[in-house]
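I have placed the structure first, in the form of structure tokens, so that the comments after it can refer back to it.
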Amino acid sequence: MSKIQMKTPLVEMDGDEMTRVLWKMIKDELILPFVDLKTEYYDLGLPNRDKTGDQVTIDAANANKKYGVAVKCATITPNQQRMEEYGLHQMWKSPNGIIRSILDGTVFRAPILISCIKPYVRTWEKPITIARHAYGDVYKNVEIRSDEPGTCELVFTGRSGNVVRKTVQTLDEPGVFQGVHNKVSSISSFARCVFNYALSTRQDVWFATKDTISKTYDGAFKEIVGDIFEKEYKAKFDQLGLTYFYTLIDDAVARVIRSKGGFIWACKNYDGDVMSDMLSTAFGSLAMMTSVLVSPDGNYEYEAAHGTVTRHYYRYLKGEKTSTNPIATIFAWTGALRKRGELDGIPELGQFADKLEKACLDVLEEGIMTKDLAGLAKDNLAAKGITVQEVDSETYLKTVRARMEREN
């Protein structure tokens, strides 16, 4: 069969551990046989990040800005244990945080639904999309750990020479301190990304912070997002019958559990990190969630929302077969290829992405799946007279490929 041709390369960001292994398997089995793939490759695996002083991550993000569409494998954000394990020169920051900071976008994450896996929350009838602000907060924080009593101060020196000084806390014992920041421009970009996405998908928007406690920091988010909605988007929302709803983050959590779903839940950076994992698990699995970073100037970075599956990687290194779910990584590739085709006027790429996603889900509905889904789907499939076949990752990918080849 003839392969689909591409015009512009995707920015390909390789990653770590088991997801890096799956990355190659997905390309070999599901992409390269059907697409004349063009990519600009960046190795964001931890050894290469350390070797390049993490310049490779910055280069990859800038390439994303140049070409418009990227696809990223899961990567390690090292802690002390990882620093020792990999012999790193320093404890490098989150590559996702660096990329998000450079692109200044918003992360949209939504569960991938199949009929044989029901959400843990009985009321949920439609997917809930998390819109996560991708700049600042704890991901660009400054921290101090003191080994003696003392006073910590927060000081702002304006370009005009004006100085604002506040005491964070005076302690009579050792302690820890943290400073976080955000930018008005980034909060504004976040608001516009969320509202534009909502208009394109025709979904209501919920936004939540804790402005009753964080009256200045979270209060700024509430004020800026609300002001942009009223001035720029309310009329458009009204025309489509959509709503914008603001509440406190704790109230939002309670309301989400009681809801039917089908809306965009906009969150600050850390809130979105935590709540997207909660939602993906409640809908079925961390490996069953799409994730795309959308920048204000129209750049896209698709990735899996989960980690590098370290436990499976150690088993893989021992020569064992692993039943690691590749769905989120496959959907990162299909999302990137679909967007590349849309931007370049190549509908065949979008059609291929649709077929591949359908093939992946059809195989699951037939009961052929990895271990993480088998227990969740077993009873529902048994009710349809289907027996679950728990398979390793390679077998699942080859089954999907065979289905694609039959249909092509």
Side-chain angles (χ1 to χ4, degrees), residues 3-4 6 9-52 56-57 59-60 63-64 67 69-76 86 95-96 99 286-291 301-338 340 349 352-353 355-357 359-360 363 368-372 391-405:
K3 294 185 180 182
I4 300 169
M6 294 178 62
L10 293 173
V11 177
E12 179 184 352
M13 306 179 191
D14 210 344
D16 289 296
E17 298 187 325
M18 199 63 218
T19 44
R20 187 184 182 96
V21 176
L22 289 175
W23 192 261
K24 185 177 185 305
M25 292 170 63
I26 290 167
K27 285 176 64 178
D28 290 345
E29 292 289 342
L30 301 181
I31 309 295
L32 295 175
F34 307 97
V35 179
D36 186 18
L37 185 65
K38 290 181 172 60
T39 72
E40 184 163 299
Y41 178 85
Y42 293 86
D43 183 359
L44 268 59
L46 193 51
N48 195 49
R49 291 182 64 206
D50 190 64
K51 178 182 177 181
T52 64
V56 65
T57 304
D59 292 344
N64 195 165
Y67 292 107
V69 184
V71 57
K72 180 182 174 296
C73 183
T75 47
I76 294 170
Y86 280 84
N96 288 337
I99 294 166
L286 283 169
M288 296 288 285
M289 177 167 267
T290 62
S291 181
E301 183 235 27
Y302 295 82
E303 63 178 339
H306 57 72
T308 58
V309 202
T310 306
R311 181 169 52 88
H312 285 195
Y313 182 61
Y314 291 155
R315 289 171 52 193
Y316 169 81
L317 292 177
K318 295 178 182 177
E320 299 178 22
K321 293 276 190 179
T322 67
S323 187
T324 313
N325 191 334
I327 294 291
T329 305
I330 295 172
F331 274 56
W333 275 102
T334 55
L337 288 168
R338 183 183 293 109
R340 186 74 275 162
L349 280 176
F352 167 75
K355 289 178 182 178
L356 179 51
E357 289 179 358
C360 289
V363 169
I368 303 170
M369 57 188 61
T370 48
K371 184 177 181 179
D372 63 315
V391 298
D392 59 63
S393 308
E394 185 177 1
T395 300
Y396 174 78
L397 293 174
K398 288 183 179 298
T399 304
V400 173
R401 176 175 176 174
R403 190 181 189 93
M404 289 285 290
E405 289 175 338

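Predicted model only: the values in this text are computed from it and were never measured. Worth knowing before you read on, the calculation uses all heavy atoms, side chains too, and leaves out hydrogens, waters and symmetry mates.
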Suppose the criterion is salt bridge (Lys or Arg N to Asp or Glu O under 4.0 Å): which pairs have a residue in residues 321-332, not counting sequence neighbours? Lys321-Glu394
Minimal non-hydrogen separation, [X] against [Y], with atom names:
{"X": "Leu356", "Y": "Met404", "value": "CA-SD, 3.6 Å"}
{"X": "Ala60", "Y": "Leu44", "value": "CB-CD1, 4.0 Å"}
{"X": "Tyr86", "Y": "Glu17", "value": "OH-OE2, 3.2 Å"}
{"X": "Thr329", "Y": "Ala304", "value": "OG1-CB, 3.8 Å"}

Test: ring pair (Phe, Tyr, Trp, His ring centres under 6.0 Å). Region: residues 302-328. Which pairs qualify, not counting sequence neighbours? none
List the residues meeting salt bridge (charged side-chain N to carboxylate O under 4.0 Å, His left out) with [X], not counting sequence neighbours, and say none if there are none.
{"X": "Glu29", "answer": "Lys398, Arg401"}
{"X": "Asp50", "answer": "none"}
{"X": "Lys51", "answer": "none"}

With sequence neighbours excluded, tell me which residues meet side chain to side chain contact (heavy atoms under 4.5 Å, CB included) with [X].
{"X": "Arg49", "result": "Leu46, Asp54, Val56, Thr57, Pro78, Trp92, Pro95, Ile98"}
{"X": "Arg20", "result": "Asp14, Tyr41, Asp43"}
{"X": "Lys24", "result": "Asp28"}

Which residues satisfy the side chain to side chain donor-acceptor pair (under 3.5 Å) test with [X], sequence neighbours excluded?
{"X": "Lys27", "value": "Glu12"}
{"X": "Ser323", "value": "none"}
{"X": "Glu303", "value": "Arg100"}
{"X": "Ser393", "value": "none"}

